[in-house]
Amino acid sequence: ITMDVCASSSPTLREFGCEQNLLSRPDGSSSFVQGDTSVLAGVYGPAEVKVSKEIYDRATLEVVMQPKVGLPGVRERAREQCVRETCEASLLSTLHPRSSLTLVLQVVHDDGSLLSCFLNSACMALMDAGLPMSCLFAGVTCAIDTDGQVITDPNAAQEKESRALMTFAIDSTERRVMMSSTRGSFTVHELQQCIAVSQKASDKIFQFYRDSVRRRYSKTL
């Protein structure tokens, strides 16, 4: 088990860290920390699937999001869909037809940019499970403040003060936008600006993935 930390500059990301293979029961697991935001992810499968959920030519992916306290609500369901769509776009699920994959995400602490932290933790857990993927993905959140400035990886206070909030999932091969989730008011130019900043920021996250996995396996080989 390794915990890696990376401090980033331009575009500014909070310090982030990751730990893989920390849970014994899932087939793959990871924790991901961005500043004071922290989540856990566990992947189960491929396993048998209920007949009612069976898809004949690919695996069925279910994403379950658990809040820190209480029961999941509408917000969690919306985030589940964002993560599921991203995972489905990257997983080679046709290699496991008529089977079930379950991704469980648990909030440990939310201090902003929660959806991007979920995406990064999910990607590391899928890697830990050894599931075949066409690409990796990174989640980046951008906030636009009242002065029109773009803030990457905002904390909860910055999110509250912002007039727009956007989260993007960026793929590792072509830096394409695989998924976007937005709220608030913004112009087309601001959207394009946030996409460009997120694509640049994703380079640091993908480098962190590589360094993290390299350190982990250099200790076991």
Side-chain angles (χ1 to χ4, degrees), residues 1-6 13-47 59-72 75-93 96 99-141 153 167-172 178-179 181 202 205-206 208-213 215-217:
I1 297 173
T2 58
M3 174 63 86
D4 305 296
V5 172
C6 171
L13 298 171
R14 292 176 295 177
E15 210 174 69
F16 46 92
C18 171
E19 193 175 337
Q20 282 183 303
N21 195 30
L22 73 164
L23 303 174
S24 58
R25 294 191 66 179
D27 296 293
S29 60
S30 80
S31 70
F32 207 91
V33 179
Q34 292 177 209
D36 290 329
T37 299
S38 175
V39 303
L40 281 168
V43 177
Y44 300 83
T60 303
L61 175 64
E62 191 174 0
V63 177
V64 179
M65 205 165 278
Q66 302 288 352
K68 189 173 181 179
V69 291
L71 297 170
R75 188 182 296 176
E76 283 76 25
R77 294 286 174 265
R79 286 174 175 155
E80 283 173 4
Q81 186 176 345
C82 291
V83 175
R84 189 179 67 249
E85 286 173 0
T86 306
C87 293
E88 283 176 342
S90 66
L91 282 167
L92 299 173
S93 55
H96 299 288
S99 61
S100 160
L101 295 171
T102 305
L103 172 63
V104 181
L105 298 163
Q106 171 70 54
V107 180
V108 179
H109 187 71
D110 179 10
D111 185 38
S113 303
L114 183 63
L115 179 54
S116 58
C117 196
F118 273 140
L119 288 163
N120 295 331
S121 186
C123 187
M124 293 297 266
L126 293 173
M127 287 163 60
D128 186 48
L131 291 169
M133 300 166 74
S134 60
C135 63
L136 302 179
F137 54 85
V140 183
T141 298
D153 196 23
T167 300
F168 303 100
I170 309 292
D171 86 11
S172 60
M178 301 171 73
M179 184 282 303
S181 173
S202 72
I205 299 171
F206 292 129
F208 176 72
Y209 287 174
R210 282 190 287 272
D211 294 343
S212 177
V213 172
R215 283 195 198 98
R216 178 185 168 191
Y217 286 106

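What you see is a predicted model; the values in this text were computed from it and never measured. Hydrogens, waters and symmetry mates are skipped; everything else that's a heavy atom, side chains included, is used.
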Drop me the distance from [X]'s [atom1] to [Y]'s [atom2], to the nearest 0.5 angstrom.
| X | Y | atom1 | atom2 | answer |
| --- | --- | --- | --- | --- |
| Cys123 | Ile205 | SG | CD1 | 10.0 Å |
| Gln106 | Ser31 | CD | OG | 12.5 Å |
| Leu103 | Met65 | CG | CE | 7.5 Å |
| Phe137 | Cys87 | CZ | SG | 4.0 Å |
| Gln66 | Glu80 | CD | CD | 8.5 Å |
| Gln81 | Met179 | CD | CE | 10.0 Å |

>> Please verify the inter-ring angle class for Phe208 with Phe16; under 30° counts as parallel, over 60° as perpendicular, anything in between as tilted.
In response: perpendicular

Would you say [X]'s side chain and [Y]'s backbone share a donor-acceptor pair under 3.5 angstrom?
| X | Y | value |
| --- | --- | --- |
| Glu62 | Leu101 | no |
| Ser99 | His96 | yes |
| Ser38 | Val33 | no |
| Ser134 | Ser90 | yes |

For [X] against [Y], the heavy-atom pair lying closest together:
| X | Y | value |
| --- | --- | --- |
| Phe206 | Ile170 | CZ-O, 3.3 Å |
| Arg79 | Leu114 | NH1-CD2, 3.3 Å |
| Ser121 | Ala41 | OG-CB, 3.2 Å |
| Leu131 | Pro46 | CD2-CD, 3.9 Å |
| Gln34 | Asp153 | NE2-OD1, 3.0 Å |
| Asp171 | Met178 | CB-SD, 3.4 Å |

>> Consider side chain to side chain contact (heavy atoms under 4.5 Å, CB included). Of Leu119, Asn120, Thr141, which one does Ser113 pass it with?
In response: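 Exactly one option meets the side chain to side chain contact (heavy atoms under 4.5 Å, CB included) with Ser113, and it is Thr141.
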
> Do Thr167 and Ser181 meet the criterion of a side-chain donor-acceptor pair at a distance under 3.5 Å?
Replying inline: no

Less than 4.5 Å apart, any side-chain heavy atom of [X] and any of [Y]?
| X | Y | value |
| --- | --- | --- |
| Asp128 | Ser30 | no |
| Ser93 | Glu88 | no |
| Cys82 | Leu115 | yes |

> Just wondering, more than 12 heavy atoms not from Arg75 lying within 6.0 Å of its CZ?
Replying inline: no

>> Before you tell me yes or no, could you show the steps for His109 and Asp36 under side-chain contact (heavy atoms from CB on, under 4.5 Å), namely the whole-Å CA-CA distance, both residues' side-chain angles and the distance that decides it to 0.1 Å?
In response: CA-CA 7 Å; His109 187 71; Asp36 290 329; 4.2 Å; yes

